[in-house]
Amino acid sequence: MTDAPQTSSFPPQAEAEFLPAEDYLERLNPEQREAVETLDGPLLVLAGAGTGKTRVLTTRFAHILLSRRAFPNQVLAVTFTNKAAREMRERVGHLLGRPAEGLWLGTFHALCARMLRRHAEYVGLTSSFTILDTDDQIRLLKQVMEVNRIDNKRWPPQGLMGVIQRWKDRGLSPDRVTPAEDSEFAGGKARLVYADYQARLKQLNACDFGDLMLHITDILRTRPDVLAQYHRSFRYILVDEYQDTNTVQYLWLRLLAQKDPAQYPGGANICCVGDDDQSIYSWRGAEVENILRFEKDFAGARIVRLESNYRSTAPILAAASALIAHNGGRLGKTLRPGRNDSSGEKLLVASVWDSDEEARTVGERMEQLHRDKHPLSEMAILVRAGFQTRAFEERLITLGLPYRVVGGLRFYERAEIRDAMAYMRVLNQPADDLAFERIVNVPRRGVGDAALQALHVEAREAQVPLAMATMRLIERGTLKGRLREQLTLLMAAFGRAREALSQNPGTGSHVLVVEALLDETGYADMWKRDKSPEAPGRLDNLKELTRALADFESLGGFLEHVSLVMENEENAGADRVNLMTLHGAKGLEFDTVFLPGWEEGVFPSQRTLDEGGNKGLEEERRLAYVGITRARKRAIISHAVNRRIYANWQSSIPSRFIDELPAEHVEQAGSAALAREQLRSAPPVFGGQFPLTARRPRTVEAWEEPPRAKRQTSIAVGTRVFHQKFGYGTVRAADDDRLEIEFEHAGMKKLLDTYVEPAGSSS
DNA sequence: GTAGGTACGCTTTTT
DNA sequence: GCGTACCTAC
């Protein structure tokens, strides 16, 4: 269900003439129309997968504006992802017939950051506070733990960070955490550490991600004047993916939505759109209860159900509905085919011998579809966990099918990008100690533990930021030799850059300044000198970063953008197979969806079962539901009878979710279908349960294919070769018929010699 | 301060 | 089985 793609510019006359799509209401079905036109009072729109949720949200938004019930800046529209926010902005603009401007439309975090900059002083920050990334958070927490003498062997900082994060998700500032909550971590000191950590953040004039929500919610609940300001401001509130809200987001929304009825007789015009069956983020603090409780929270709430699905075939919908019906405590919806058409392929459940065969058959099916003119970009492999993509990647490489892994290491998470960002942060904000600490010894300047300690001591004693402390130690002559020399150069480079920036602000000079800074500090040079195969790519990334910087008028604006929008959109257009986790696939759709690894222990994940019990199982089932409903035309589920996990093989039984699919909509296939039947009829050999933890690794020599005959490659080390996908490269090592090749653009790869050919020769 | 060795741990991750 | 994160010896 996609609208015609929006063209890059509207016809020129549209600006003058005001040409909204007049029939925008006509294009909705009755239930969608009800969701759009019910404007007064609280409304919950329960939108099943593929029922036109985004269309309803954007049309409702446009309808509010076009019916002159509110000005653009009187509507608050909240999403979880930047992508969703962008899409909503574009589609609202499309409906209005002009670009939508002056909207309060964005992610929870972006909107909270915007609000918090206005009122930062109420929580002891200034409006120019910095937003920390996860590296910074951990580094800071480690420091605080050290001060509190907590053994970070026994209590990993990441674990404690998780505890703090969950508290923040629940809207608990340190003073609100009760001692009873505490006992579990760090021997009852977690609460203390949390308080210290918050205090340090305040000193640094910094916020972590959770703080954006926590601080502004605190302000709204303690400052009636500020709250009143927003009550006057916002007439309508729209919320996307409501089932994924955590407690603090819920509190924030409720504060903004619940107005004094005496002053605002209309009550709360809040409209939340969501689907309890697609709640898959409880482990991140999301509370399904928020959506289940909506009617109680907002008096007089109406509920509209969207159940007509225009995306998938009847068998896919029937299978998904039957599966999700096994969950309890649902608000209850049934997906109906929107078209009167009961045709469509059955779901395919393929039983295969082992994980290699699984990758092979998925690859073959993809090739077949591709030969039948199905675009690669309309196929996706959706896995439970990230590590599962690897087997498929390897297969796709050997088949020469281009693919894209969605949601791997993201652009702004790469080390070189974070380093460069830290340089920019120090430039922008000399008091940013965490950024300074990150780069003071990158490239190596001889700053080791001892030197860093000295800087910290000076900073603490003189009550100045680390950068200033460095200057003082240089001037005082405490620092000596190469260290002093290097740090003098570093500080001088920052000094020059800062001066250049202040001399002609806002003329695009910031790009040049940053480039000069990265040159003069030796950072760019560090990668130029680096001989590792990744280095050229990293330099490309740095170029891409400064290119992105050019889109912004100021350094500060860019930094704000990046800290909130950690994404990049590279090669989105190319025709490639999509590989991603089930979580990453939410909100997307494909003609063909492959769902491998449907085995007990893998999916549902054993760990979720152990930790979350029945609730965990139900969330896994929702994940399965999300997976199936991504498919428009066909869904191919597979499970392997034997799977290698880490070092050893183990036999697996098919996922219980396979049993929950209605037989009349499912076709069985695969080499191990028989074995599957046997597994089903015979009770498990090793006790009733299937605990991966108490697994009994099996030796499986008999099952494995005989080892491939060793064959020596005829391609010598040093030969220039060509590969279908990776292009040209040079052989660096050879082991029997396996080659290690350094590709000019793709870096180091290990491949069988049959997949490459000597460069220059034709085949 | 760096290289090399070893132990560990290993779901999901919208911002 | 593999990547990383920390520790130790130079």
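Since the structure is predicted, the reported quantities are computational estimates derived from the model, not experimental observations. Numbers restart at 1 for each chain; the letters A, B, ... are given by sequence-line order, proteins then strands. Just the heavy atoms: all of them, side chains too, but no hydrogens, waters or symmetry mates, feed the values below.
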Which pairs, protein N/O on one side and nucleotides 5-10 of chain C N/O on the other, fall under 3.5 Å?
{"from": "C:dC7", "atom 1": "OP1", "to": "A:K153", "atom 2": "NZ", "distance (Å)": "2.8"}

Practice prompt. Look at the rings of A:Y281 and A:W283 and say which category their plane angle falls in: under 30° parallel, 30 to 60° tilted, over 60° perpendicular.
Written response: tilted
Discussion item. Going by the rule salt bridge (Lys or Arg N to Asp or Glu O under 4.0 Å), which residues pair with A:D525 if we only count those two or more places apart in sequence or in a different chain?
Written reply: A:R529
Worksheet item: Between A:R643 and A:E357, is the closest basic N to carboxylate O distance under 4.0 Å?
Response: no
Discussion item. Applying salt bridge (charged side-chain N to carboxylate O under 4.0 Å, His left out) as the test, list every pair that has at least one member in residues 620-631 of chain A; sequence neighbours left out.
Written reply: A:R384-A:E620, A:E619-A:R622, A:R621-A:E660
Discussion item. Do A:R656 and A:W598 form a cation-pi contact, if we require the NZ or CZ to be under 6.0 Å from the six-membered ring centre and within 45 degrees of the ring's axis?
Written reply: no
Worksheet item: Residues two or more places apart in sequence or in another chain: which of them pass ring pair (Phe, Tyr, Trp, His ring centres under 6.0 Å) with A:H119?
Response: A:Y230
Discussion item. Please compare A:T134 and A:I280 by the position of their nearest nucleotide in DNA chain B and report the one closer to 5'.
Written reply: A:I280
Worksheet item: Is there aromatic stacking of A:Y281 against B:dT13, centre distance under 5.5 Å, plane angle under 30°?
Response: no
Discussion item. How many whole angstroms separate atom CZ of A:F387 from atom P of B:dT13?
Written reply: 12 Å
Discussion item. Using whole Å, what does the distance between atom P of nucleotide B:dT14 and atom CG of A:L111 come to?
Written reply: 18 Å
Discussion item. Could you tell me how far apart A:L564 (CG) and B:dT15 (P) are, to the nearest whole angstrom?
Written reply: 10 Å
Discussion item. If I take atom CD in residue A:Q243 and atom P in nucleotide B:dT14, what distance separates them, rounded to the nearest angstrom?
Written reply: 16 Å
Worksheet entry | Distance, P atom - from B:dT12 to C:dA5, rounded to whole angstrom | 15 Å
Fill in: Sugar-phosphate, base or nothing in reach of A:R482, heavy atoms under 4.0 Å
nothing
Discussion item. Using whole Å, what does the distance between atom C1' of nucleotide B:dT15 and atom CZ of A:F108 come to?
Written reply: 11 Å
Discussion item. Regarding A:V447, tell me which of base, sugar-phosphate or nothing describes its non-hydrogen contacts under 4.0 Å with the strands shown.
Written reply: sugar-phosphate
Discussion item. Looking at A:R644 and A:S355, would you say the former's side chain and the latter's main chain have a donor-acceptor pair under 3.5 Å?
Written reply: no
Response to the item:
With sequence neighbours left out, the residues meeting salt bridge (Lys or Arg N to Asp or Glu O under 4.0 Å) with A:R117 are A:E560
Polar atoms only, N or O, under 3.5 Å: list the protein pairs with nucleotides 3-10 of chain B and their distances.
{"from": "B:dC10", "atom 1": "N1", "to": "A:Y646", "atom 2": "OH", "distance (Å)": "3.4"}

Discussion item. Over 60° means perpendicular and under 30° means parallel, so tell me whether A:F657 and A:F603 are parallel, tilted or perpendicular.
Written reply: perpendicular
Practice prompt. Check every strand shown and say whether A:Q158 touches a base, only sugar-phosphate, or nothing at a heavy-atom separation below 4.0 Å.
Written response: nothing
Item to complete: Just call it for A:G386: base, sugar-phosphate, or nothing, with non-hydrogen atoms closer than 4.0 Å on any strand.
Response: sugar-phosphate
Worksheet item: Can we say A:E611 and A:R607 salt-bridge, meaning some charged N sits less than 4.0 Å from an Asp/Glu carboxylate O?
Response: yes
Practice prompt. Indicate, with a heavy-atom threshold strictly under 4.0 Å, whether A:G587 touches base, sugar-phosphate, or nothing.
Written response: nothing
Worksheet item: Contact class for A:S605 (heavy atom, under 4.0 Å): base, sugar-phosphate, or nothing?
Response: base
Item to complete: Figure out the CD/C1' separation between A:Q606 and B:dT12, and round it to whole Å.
Response: 16 Å
